[in-house]
Protein chains: 2
Amino acid sequence: MSIALEEATTALRCRLLAGDFDPGTKLREISVAEDLGVSRTLARLAMSALEHEGLLTREPNRGSRVKRFSIKEIADAIEVRGELEAMAVRQAAERGLDAAMDARLEQILGSLEEVLAQGVTTDAMRDRWVDLNSTLHDCLVEASGNWALKVSISQMSRLPLVSPSALIFDRKDHENGHRQLVASHADHVEIVAAIRARQGHRAEARMREHAFMNARNKILNLADPETMDLARALPGGPLIRPDK
Amino acid sequence: MSIALEEATTALRCRLLAGDFDPGTKLREISVAEDLGVSRTLARLAMSALEHEGLLTREPNRGSRVKRFSIKEIADAIEVRGELEAMAVRQAAERGLDAAMDARLEQILGSLEEVLAQGVTTDAMRDRWVDLNSTLHDCLVEASGNWALKVSISQMSRLPLVSPSALIFDRKDHENGHRQLVASHADHVEIVAAIRARQGHRAEARMREHAFMNARNKILNLADPETMDLARALPGGPLIRPDK
DNA sequence: AGCCCCTATTTGGCATGCAAAATGCCCATA
DNA sequence: TATGGGCATTTTGCATGCCAAATAGGGGCT
């Protein structure tokens, strides 16, 4: 089930995250199947996968529905991811960086610095920033050497708006947006520095604050959807609703 | 019926956790199907579920194999669960207990106290202790009101030896086993007290230590399998190997 | 031994059949 | 009009058979 399943699952996941379906919609496997251009069997597999990811909920004998996320649930998930990443950098500091990872982090930080200096104004620059940012977070988790941490974080990151790639750029107040990026980059630099200095507690604290600020920005923008501009045209659509 | 899938998945999961298969064994869907007495379709669904749970790994076009857990991976997962539970009790303290949950916790603590007073010597008593212990941990997570926390913790808990129900009783040194239970119960009491007093940081710290001690006991026993006596005859078998 | 080719098995996927449950609809009744 | 009961349709849950492609396994050849 390598090629087609993965493809079908990805396609359905993208449609869900893009908000193609209203939350609460029942997904009939027949319509999903012909929608994705695959068989009922495969559609069922894909839906099962997304159910495990938490994007669908299944009621016995009644099929699956599109999960509705409340803002609180998203905020919870972001907070959990933050706590886990904080734990990751603490463990990375306690464990120490190997030479390869150290160089890799240095290179990513350099690229981020470069992008920041040029100014993150175009969509292309935004994409590049988001990519680098995601990669950096991945590396930090990797550096912890903790397998379970990686699993947990990636589970959270599959939820809408939770992933580090779901950055929000403030387009209304461009000055403000730039300030956020500068602060974010300063966090990155200090976190890596703390890890190198084996200051586990400091790395943890700074990462926790980093996550908190990021979460607050996201939630603020959720309440004011006009300014919302999700990187990679990913999530944030009808899946998330203020009610619960 | 969703009955059969759930049943087949549970059956296969139990066989995996019980160590019926050596790690690395390739699971052919045909043999799994007739082994469980279900169709190939259903066997694939069940295997897909267990793959998402992390008990199986799939290699494209080559089927799935039984995942081999190193002791480090298990220790990592236990540590992550501990951190998440610590976060849970902190949030529970910050949020406050509603009357129903407060009463429920009190009742569980009372039952645990009672069991402890009678002495946890028979298998039946051990089962009762494990049940109460699991319920208490579930309640604490529930009390946090954090949905993502519940999801993450349950994900970790599906791994062998990670669940709070995977308690280990020291049968070699009965005195030592009893001491551990007494200490564990004291932790429970103080954690609940801290939550009631809205002492988030204290609840968190104590829970982290509680988890750490529990993890250490488990890992110690892994290195000395003679004394290992997993409650509910659950996991710990061939799935876990010292190597990596 | 090393390599190649051929065969048998297995995976990945599709279409269909079927019983049971759920859904929807129509109509009778209050 | 609102309610509710009964019937037909749809949908789910699972099984079965089939097929192409990839893999694994087993000789035989050099």
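Not measured: the values here are computed from a predicted model. Below, read A as the first sequence line, B as the second, and so on, with proteins coming before strands; counting in each chain starts at 1.
- Put simply, R58(B) has no side-chain N or O that comes within less than 4.0 Å of OP1 or OP2 on dT11(C).
- Of the listed nucleotides (dG13(D), dG13(C), dC14(C)), dC14(C) has the atom at the smallest distance from the side chain of V38(A).
- Proximity of R62(A) to the phosphate of dA22(C): no side-chain N or O atom is located under 4.0 Å from OP1 or OP2.
- Between H137(B) and H188(B), the two ring planes are perpendicular [angle over 60°; tilted spans 30° to 60°].
- Among the nucleotides dA15(D), dA22(C), dT11(C), the one closest to the side chain of E29(B) is dT11(C).
- Here the P atom of nucleotide dG13(C) and the CG atom of L36(A) are 13 Å apart, to the nearest Å.
- Between I30(B) and T41(B), the residue whose closest nucleotide on DNA chain C is further toward the 5' end is I30(B).
- We find that CG of L45(B) is positioned 15 Å from C1' of dT16(D), with the value rounded to whole Å.
- Counted within 6.0 Å of CZ on R65(B), heavy atoms from surrounding residues, nucleotides or ligands total more than 12; the atom is thus considered enclosed.
- Of the candidate nucleotides dG24(C), dG25(D), dT11(D), dT11(D) has the atom nearest to the side chain of R28(A).
- One can place CG of N61(A) at 7 Å from C1' of dT12(D), the figure rounded to the nearest angstrom.
- For the pair K26(A) NZ and dA21(C) C1', the computed distance is 14 Å after rounding to whole Å.
- Taking a cutoff of 4.0 Å between a charged side-chain nitrogen and a carboxylate oxygen, K150(A) and D138(A) do not qualify as a salt bridge.
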Original post:
Yes or no on side-chain hydrogen bond (donor to acceptor under 3.5 Å, both in side chains) for E79(A) and Q91(B), after CA distance, side-chain angles and deciding distance?
Top reply: CA-CA 11 Å; E79(A) 198 170 350; Q91(B) 292 201 346; 3.0 Å; yes
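- Straight-line distance from the CD atom of E7(A) to the P atom of dG12(C): 15 Å, rounded to whole Å.
- Between F69(A) and W147(B), the two ring planes are perpendicular [angle over 60°; tilted spans 30° to 60°].
- Of the candidates dG12(C), dG24(C), dA15(C), the closest approach to any side-chain atom of S39(A) belongs to dA15(C).
- If you check dT12(D), dG25(D), dG13(C) against the side chain of R44(A), the one that comes closest is dT12(D).
- Of the two residues near DNA chain D, A43(B) and R40(B), the one whose nearest nucleotide lies more 5' is A43(B).
- We find that CZ of R65(B) is positioned 13 Å from C1' of dT10(C), with the value rounded to whole Å.
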